[in-house]
Amino acid sequence: MLDEKDLQAIAKLMDEKIGASEARMTERMETRAQESESRMMAMMEAYFEPRFNLLGDQMKLLQEKMLPAGALEDLEDRMDVAEAVLKQHSREIETLKKAQ
């Protein structure tokens with residue numbers, strides 16, 4: 001029959017074996033998780049990188065076509081002058097028509 005010391009020795013041996021098994025499983029799971037993460041990152045890079053590059057190219061094209069901020073202000077000033085001259089000419093034409 002087994003006494004208390006035998007049962008403690010068996011329990012200790014089981015704890016060691018179970019602990020070693022858990023350590024191996026933990027290591028195996030971490031390795032698999034790292035491999036999965038590496039594969040996922042490679043897939044994401046292959047999928048998204050070309051799209052981001054295209055998006056960047058499109059943004060460059062849009063920026064090249066955009067007017068600089070100063071050019072827009074200059075254009076607004078020129079339009080104000082053109083409107084004022086147009087109103088003046090319209091008044092002069094009306095005055096000339098009435099004079100006929």
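Basis for what follows: all heavy atoms, side chains included, without hydrogens, waters or symmetry-related copies.
In this structure the side chain of Glu37 reaches within 4.5 angstrom of the side chain of Met41, judged on heavy atoms. Between Arg78 and Val81 there is no side-chain heavy-atom pair separated by less than 4.5 Å. Contact check for Arg51 versus Leu55: no side-chain heavy atoms found under the 4.5 Å cut-off.
Atoms CD1 and CD, from Ile18 and Glu22 in turn, are 7.0 Å apart once rounded to the nearest 0.5 Å. Distance check: Leu62 CG to Met59 CE gives 8.0 Å after rounding to the nearest 0.5 Å. Considering CG of Leu54 and CD of Glu49, their distance stands at 11.0 Å, rounded to 0.5 Å. The CD atom of Gln8 sits 9.0 Å away from the CG atom of Asp3 when rounded to the nearest 0.5 Å. Considering CZ of Arg91 and NE2 of His89, their distance stands at 10.0 Å, rounded to 0.5 Å.
Within 6.0 Å of CD on Glu27 lie no more than 12 heavy atoms contributed by other residues, nucleotides or ligands.
Put simply, Tyr47 and Phe52 are part of the same group of oily side chains (I, L, V, M, F, W, Y) that touch within less than 4.5 Å, one to the next. Hydrophobic clustering (ILVMFWY, side-chain heavy atoms < 4.5 Å, transitive): Met79 and Val85 are in distinct clusters.
With Ser21 contributing its side chain and Lys17 its backbone, the two residues share no donor-acceptor pair below 3.5 Å.
Side chains of Gln88 and Glu92: a donor on one and an acceptor on the other come within 3.5 Å.
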